Every structure is written in C-alpha cells, then in structure tokens.
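First the structure, in the form of structure tokens, and then the observations on it.
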Amino acid sequence: MDINQLLRKNIQSLKPYSSARDEYTGEAMVFLDANENPFNEPYNRYPDPLQKEVKEKISKLKSVATQNIFLGNGSDEPIDLLIRAFCEPRIDNIVSMNPTYGMYQVAADISGVELNKVSLNEDFELGAQEILDATNQNTKLIFLCSPNNPTGNSLNPEALHVIVSSFNGIVVIDEAYIDFAPGKTFLHEIDKYPNLVILQTFSKAWGMAGIRLGMAFAQTPIISVLNKIKYPYNLNILTQKKALELLDKKVSVQNWVKLLIAEREKMEELLMEFPFVEKVYPSDANFLLAKMHDAKGVYDYLVEEGIIVRDRSKVHLCKDTLRITIGTSDENETLLNALKNLL
Ligand SMILES: *Cc1c(COP(=O)(O)O)cnc(C)c1O
C-alpha cells in the first residue's frame with residue numbers, strides 16, 4: 001500500500017515550513033537564529049519541534065520506535081491532521097461507527113468532509129462487513145474506538161483485524177481508554193499494517209488531561225505526513241517539561257488504574273441495586289453507561305446536588321442513559337448517597 005497515493009494532492013506536493021530549529025538541531029554556544037529574546041530562560045527558547053526527549057521516554061514505555069510516534073496537542077490533534085492530510089473536502093469521505101466519540105464528526109465537519117456512521121448492534125458490537133460495505137472508492141479513513149466512548153465496551157479484535165487487513169485506506173483505532181481494558185492493545189500491529197494508526201492519550205489513565213498530550217502510532221510514512229503538516233511547535237515547552245517529569249510515575253498510574261477498575265466494579269454492582277436503574281453496560285473504561293427511567297430527570301436532580309454526570313440520552317442507541325465517570329471512592333459515594341434520596 002502506497003500511503004502517498006492516498007494523500008490529497010496539495011499535501012503530496014506541500015513544502016513544509018522550515019523552522020530555525022529544523023535547520024540547525026545540534027548543540028551550540030550561541031543561538032542567534034530564531035529571533036528569540038536572549039532573556040527569560042528557559043521560556044525564551046522555542047521548544048523542540050519533534051519532541052525528541054519526550055518521544056524517547058514514550059518509546060521505552062510503549063516499546064515502539066521513536067520514528068513511529070507522533071505527539072499532538074491531545075489526541076484530538078492527530079484526528080484533525082489525519083482528516084486534513086487524506087480527505088479532499090466535498091469529495092472524499094470517512095466511515096465511523098455510531099455511537100462513538102464526537103470529535104471525529106466535528107473534525108470532519110470542520111474540514112467539509114462527509115462522515116458516514118454505521119450503527120453498532122444492541123450490544124454495542126460492530127460488524128466488520130457492515131463497516132467495509134459502507135466504504136466506497138472515496139473513503140480514505142475509518143475511525144474506530146476501542147474501548148468505545150460512550151458505551152465503554154472493547155470492540156471484537158477479530159472484527160478489527162478483518163477491517164484493517166481488508167480496507168484500502170487508513171484505519172484509525174482510538175485507544176484512549178486502553179489502560180483500563182483487559183484486552184490487548186493493537187499498538188504492535190502497526191508493524192504488520194502500513195495503513196493502521198493507533199491513538200492513545202495521557203488524558204485518562206495518566207491523569208494529565210490538563211497538559212494536552214496525545215499520541216499517534218503508525219509506520220513512518222504516516223508519521224512523516226503528520227509531522228509535515230502540524231504546527232511547527234505544536235507542543236509547548238511547559239507540556240514537554242511536565243511530561244518528562246510525569247512519565248516517571250508509571251507505578252502511580254498502575255495503582256490509579258487498579259483502584260479505578262475496582263471502584264468501577266463496585267459502582268456497577270451498587271448502581272444496579274437502584275430500582276430506577278435498568279441496566280449498567282459492561283465497561284472496559286473509567287466510566288459506566290447506565291440506562292435508567294427518566295435519565296434526564298436524574299441528571300437534572302444531580303446537577304442541583306452539585307454532581308455532574310453526562311446525559312447521553314440523545315445519543316443513538318443510548319436513550320435514557322447517563323455516562324458516569326469513576327471518581328475517587330468518596331466522590332462515588334457522594335453520587336450513590338444522592339441517588340438514595342430518589343428512592
Ligand atoms: C477522552 C478521549 C480522547 C482524548 O482526547 P485528548 O485530546 O487526548 O484529551 C480521545 N478519544 C476518545 C474516544 C476519548 O474519549
């Protein structure tokens with residue numbers, strides 16, 4: 001598969017912006033090349049455009065070579081960049097599933113690219129053939145999300161393999177919640193599939209949503225395209241410095257994940273005991289989707305109590321559901337106590 005053939009013509013021929021830090025990357029005594037102010041160290045210097053140090057840490061953490069890693073301002077950045085690189089507005093299209101993460105639709109809409117959604121079944125599982133049937137010769141990207149947001153379930157890995165190996169375009173698997181899932185990541189499948197992109201993020205299990213750091217993993221032709229079209233300094237110096245520090249906290253992260261999974265299991269059980277809760281869907285993520293009588297009423301009541309959950313009632317297949325993020329055990333208990341007042 002020739003990734004360059006899939007690109008928009010203007011991106012194929014694009015000559016990227018060349019920054020001072022691209023042209024000279026070595027050590028030097030005096031830097032007078034970037035019109036920086038010599039005062040106010042270290043914030044006066046432009047950050048490393050390719051984030052070498054951060055990538056080296058992530059490379060060790062994930063066992064993926066640095067040239068297969070793209071870092072973005074959240075994983076929302078590579079979602080947008082992939083669409084802009086591969087989809088010709090008003091001509092090309094994207095296939096995704098329904099329900100799923102809302103940013104694929106928003107990013108497609110902003111770029112003027114059609115996104116066709118294939119419904120999941122009642123168990124929120126996807127049909128590989130249905131996804132493939134929804135593609136045509138102008139489909140450049142398929143966005144899949146596993147574990148899925150807002151449903152919480154992991155997609156069937158067999159179905160994912162069928163889609164990635166059969167589709168003649170790019171398949172993106174968004175693994176934002178993979179750290180909470182018992183199933184295996186598809187990360188190392190990038191060695192096998194030149195058309196596969198895996199998205200992960202430091203916003204969830206790693207507790208760093210505020211520093212905006214997301215990852216895309218793929219073979220080098222795709223990574224090179226993302227690097228070519230991104231803002232030259234897409235990750236600021238504060239994010240890069242903080243990431244280097246926080247990436248050493250792997251053990252804390254593992255403990256958080258264990259604790260949050262235990263809380264999730266407890267909450268699943270306790271929520272089910274409320275007579276107005278019809279169903280709590282199985283979750284491989286750090287949230288639960290719960291179906292209940294008058295979800296909107298429950299939502300409004302919780303807001304009055306100062307507890308905010310996400311009303312997903314208007315989402316396809318999610319009528320009368322609330323998406324509840326797992327908090328600390330105190331926070332979860334506050335929610336349960338508030339719900340008890342509805343009995
Ligand atoms: C939260 C989430 C993200 C994370 O986005 P960031 O921009 O990295 O914070 C990505 N995908 C899905 C499905 C999510 O739920």
Side-chain angles (χ1 to χ4, degrees), residues 51 54-55 58 61-62 69-84 94-108 110 115 117 120 124 126 141-155 160 170-181 183 185-187 196-218 226 230-231 234-236 238-240 242-243 246-247 253 256-257 260 264 281 283-289 308-312 315-318 321-327:
Q51 308 105 13
V54 184
K55 279 181 187 163
I58 293 174
L61 190 73
K62 302 279 179 184
I69 304 172
F70 171 85
L71 298 181
N73 186 317
S75 38
D76 289 347
E77 184 181 355
I79 292 170
D80 176 54
L81 293 180
L82 285 162
I83 295 174
R84 287 199 278 146
I94 301 168
V95 169
S96 188
M97 45 196 235
N98 197 11
T100 192
Y101 185 46
M103 271 312 285
Y104 316 136
Q105 180 78 64
V106 173
I110 291 171
L115 182 133
K117 296 183 198 157
L120 299 174
F124 300 136
L126 95 171
L141 290 166
I142 295 176
F143 277 104
L144 303 171
C145 184
S146 180
N148 190 26
N149 180 2
T151 60
N153 61 306
S154 299
L155 301 175
L160 295 178
I170 310 289
V171 179
V172 182
I173 303 178
D174 185 341
E175 293 190 337
Y177 299 98
I178 194 68
D179 304 274
F180 301 101
T185 168
F186 262 60
L187 180 52
L196 178 62
V197 179
I198 301 297
L199 301 181
Q200 293 186 3
T201 179
F202 288 104
S203 295
K204 307 289 159 65
W206 283 79
M208 302 188 210
I211 75 167
R212 310 306 300 130
L213 183 57
M215 299 162 273
F217 302 95
L226 296 176
K230 77 182 182 75
Y231 284 169
N234 61 327
L235 285 196
N236 69 65
L238 302 176
T239 295
Q240 293 193 46
K242 203 67 197 174
L246 295 178
L247 285 175
V253 172
W256 293 337
V257 167
L260 291 170
R264 182 187 76 205
Y281 291 94
S283 171
D284 288 340
N286 64 336
F287 59 83
L288 289 167
L289 188 72
I308 316 300
V309 297
R310 198 91 201 268
D311 183 9
R312 299 284 75 189
V315 172
H316 176 66
L317 299 179
C318 297
T321 61
L322 299 181
R323 191 193 70 189
I324 301 166
T325 304
I326 303 302

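Predicted model only: the values in this text are computed from it and were never measured. Values below: every heavy atom of this structure, side chains too, minus hydrogens, waters and symmetry copies. Just follow the structure's listing: the first ligand is 1, and inside any ligand the first atom is 1.
- The backbone N or O of Leu235 lies less than 3.5 Å from a partner atom in the side chain of Gln240, making a donor-acceptor pair.
- Of the N and O atoms on the side chains of Asn236 and Arg212, not one donor lies less than 3.5 Å from an acceptor on the other residue.
- Closest approach of Leu115 to Lys117, counting heavy atoms only: CD2-CG, 3.5 Å.
- Closer than 4.0 angstrom to ligand 1 by heavy atom are Gly74, Ser75, Asp76, Tyr101, Cys145, Asn149, Asp174, Ala176, Tyr177, Thr201, Ser203, Lys204, Arg212, sorted by chain and number.
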Practice task
Decide yes or no on side chain to side chain contact (heavy atoms under 4.5 Å, CB included) for Leu288 and Ile326, but give the supporting numbers first.
Solution key: CA-CA 7 Å; Leu288 289 167; Ile326 303 302; 4.0 Å; yes
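- Between Phe143 and Tyr104, the angle of the ring planes stays under 30°, which puts this pair in the parallel group of the 30/60° scheme.
- The closest side-chain donor-acceptor pair between Asn234 and Gln51 falls under 3.5 angstrom.
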